[in-house]
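Report on the following structure.
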Amino acid sequence: MGKTGAKFYSGVVIAASLLLAGVLLLHRFIPNRWYNLGSLIETFLPWFGIGVPVLVLLAAIRRRPLAIVCSLLPALVWFQMYAALIPDKHDGDGDFRVVAHNVNAENTDTEATAATLLAASPDVIVLVELTEDQRLAWADALDGDYEYSAAYGTVALWSVYPITESNEVDLNLGWARAFRAALDIDGEPVAFYVAHLLSVRVNSEGFTSEQRNETATLLGEAIAGEELDRVVLAGDLNGTVQDRSLAPITYQLESAQASAGKGFGFTWPADTPLARIDQVLYRGLDATGSDVLDATASDHRPVQADFAF
């Protein structure tokens with residue numbers, strides 16, 4: 001390769017490195033007006049780190065110092081963003097355990113799916129995307145061990161602790177996909193929000209998420225008005241905590257996975273998880289553990305979180 005070709009090669013590596021670093025560092029400024037590009041990038045943002053070793057290798061091949069230095073910039077940005085997620089931050093079992101799962105409306109293997117969830121010994125089980133037939137089957141599977149339950153539309157909760165009150169959270173859809181339940185956990189009141197926000201699509205129109213975003217805003221307003229200090233939100237939000245469109249929710253709640261988990265905790269799709277869209281978020285509590293459970297017959301993996309008062 002001649003000098004001109006070498007300079008062009010290095011220039012491409014430098015430009016690609018600066019672009020990747022810019023996307024990682026300034027993703028909040030990528031506009032959503034074109035195909036919701038900003039939200040799409042934020043959904044899979046951790047995977048942009050795959051480009052780092054590629055760029056470092058390409059820079060090292062030609063041994064161009066400036067290209068090598070530039071190729072390390074996105075690596076520094078990525079580690080600054082995500083290094084805290086990687087270590088194991090578990091800190092004991094806590095006072096109560098929550099397991100949440102999108103069971104998939106087409107999942108007919110309730111018995112095996114329930115066995116996976118029950119093996120985690122949860123105190124509270126949150127299920128979303130339930131059909132009426134599934135809800136009856138889950139009642140048969142759980143009612144013997146969980147004295148208290150609440151269900152609205154396609155979302156439900158089972159608990160070993162008393163449910164003192166519950167009500168639907170209206171997401172303006174015409175059918176129930178979210179509700180609030182107040183639990184008395186050993187004398188400590190905790191507000192549980194169970195939600196399944198609308199799905200998003202990636203198609204010729206881009207990342208279509210307007211309806212999902214509207215439901216996120218309504219759910220965020222309900223949580224903002226919550227009078228209890230301790231709050232847990234569990235379910236399928238059809239978005240990651242970095243997706244700006246979920247800010248009405250995520251600005252006021254913390255992620256149990258970020259606080260007390262290990263790694264990214266991807267949950268979807270179940271066979272090869274690429275994103276964490278199944279969440280357990282909280283405030284007013286201490287998260288002491290967070291895990292992703294083994295795959296079931298659903299296309300989502302279950303999530304688990306432990307909390308202490």
Side-chain angles (χ1 to χ4, degrees), residues 43-44 97-120 122 124-143 145-146 149-159 168-169 171 173-179 181 192-203 207-209 211-212 215-216 219 232-241 243 246 249 256-257 264-281 290-305:
T43 298
F44 299 103
R97 173 170 292 175
V98 179
V99 164
H101 192 24
N102 179 328
V103 298
N104 189 337
E106 299 179 359
N107 179 359
T108 58
D109 198 353
T110 299
E111 184 176 350
T113 304
T116 298
L117 305 189
L118 291 171
V124 179
I125 295 178
V126 168
L127 302 179
V128 305
E129 201 173 301
L130 286 170
T131 65
E132 180 63 22
D133 289 342
Q134 284 177 327
R135 191 172 66 81
L136 295 173
W138 277 96
D140 289 339
L142 299 179
D143 282 355
D145 297 310
Y146 295 85
S149 64
Y152 291 81
T154 58
V155 290
L157 175 151
W158 277 263
S159 171
E168 179 187 349
V169 174
L171 299 183
L173 296 172
W175 75 98
R177 289 176 68 115
F179 70 90
F192 273 78
Y193 286 79
V194 177
H196 184 196
L197 299 188
L198 285 181
S199 299
V200 298
R201 296 287 184 268
V202 180
N203 52 35
F207 189 67
T208 57
S209 61
Q211 282 190 304
R212 190 280 311 265
T215 58
L219 179 59
V232 174
L233 165 62
D236 176 6
L237 302 188
N238 270 306
T240 68
V241 293
D243 185 342
L246 296 187
I249 298 168
Q257 179 65 24
F264 294 99
F266 296 141
T267 63
W268 176 90
D271 292 339
T272 309
L274 299 174
R276 184 181 178 88
I277 63 175
D278 302 276
Q279 309 289 354
V280 182
L281 310 179
S290 178
D291 292 284
V292 177
L293 304 182
D294 292 338
T296 68
S298 172
D299 57 340
H300 295 244
R301 293 197 180 193
V303 293
Q304 169 188 310

### Task
Find out whether Asp140 and Thr110 are in side-chain contact, i.e. whether some heavy atom of one side chain is under 4.5 Å from a heavy atom of the other.
no
### Query
In chain order, what residues pass the ring pair (Phe, Tyr, Trp, His ring centres under 6.0 Å) check against Phe266, with sequence neighbours excluded?
Trp47, Phe264
### Query
Can you tell me how far the NE2 atom of His101 sits from the NE2 atom of His300, to the nearest 0.5 Å?
8.5 Å
### Task
Taking the side chain as every heavy atom from C-beta outward, state whether Arg212 and Asp243 have any atom pair closer than 4.5 Å.
yes
### Message
For a 4.5 angstrom cut-off between non-hydrogen side-chain atoms, does Val232 reach Val126?
### Response
no
### Query
Do Leu118 and Ile125 have side-chain heavy atoms sitting under 4.5 Å apart?
yes
### Message
In the structure I gave you, are the side-chain heavy atoms of Thr113 and Trp138 within less than 4.5 Å of one another anywhere?
### Response
yes
### Task
Find the distance between OG1 (Thr154) and CD (Glu132) and round it off to the nearest 0.5 Å.
11.0 Å
#### Entry: Leu157 and Phe179, any side-chain heavy atoms less than 4.5 Å apart
yes
### Message
On a heavy-atom basis, which atom in Asp294 and which in Thr116 lie closest, and how many Å separate them?
### Response
O-CG2, 3.8 Å
### Task
Work out which heavy atom in Val155 is nearest to a heavy atom in Ala178; give both atom names and the distance.
CG2-N, 3.8 Å
### Task
Quick one: pull up CG in Asn104 and CG in Asp109 and give me the separation to the nearest 0.5 Å.
12.0 Å
### Distance-minimising heavy-atom pair for Arg276 and Ser290
NH2-OG, 4.0 Å
## Note on the structure
Correct closest heavy-atom pair for Arg301 and Pro273 would be NE-CG, 3.8 Å
### Task
Measure across Glu129 and His196 and return the closest heavy-atom pair with its distance rounded to 0.1 Å.
OE1-CE1, 3.4 Å
### Task
Report the distance from atom CD of Gln211 to atom CG of Leu171, rounding to the nearest 0.5 Å.
11.5 Å
### Contact check, side chains of Arg177 and Leu197, non-hydrogen atoms, under 4.5 Å
no
#### Entry: Leu281 and Val241, any side-chain heavy atoms less than 4.5 Å apart
yes
### Query
Of Asn102, Asp278, Asp299, Asp236, which meets side chain to side chain donor-acceptor pair (under 3.5 Å) against Thr267?
Asp278
### Query
Between Thr296 and Asn107, does any side-chain donor sit less than 3.5 Å from a side-chain acceptor?
no
#### Entry: For Ala105 against Gln134, the heavy-atom pair lying closest together
O-NE2, 3.4 Å
## Note on the structure
Separation between CH2 (Trp158) and CG (Leu127), nearest 0.5 Å, reads 5.5 Å
#### Entry: Value rounded to 0.5 Å, distance of CD in Gln279 from CG in Leu246
8.0 Å
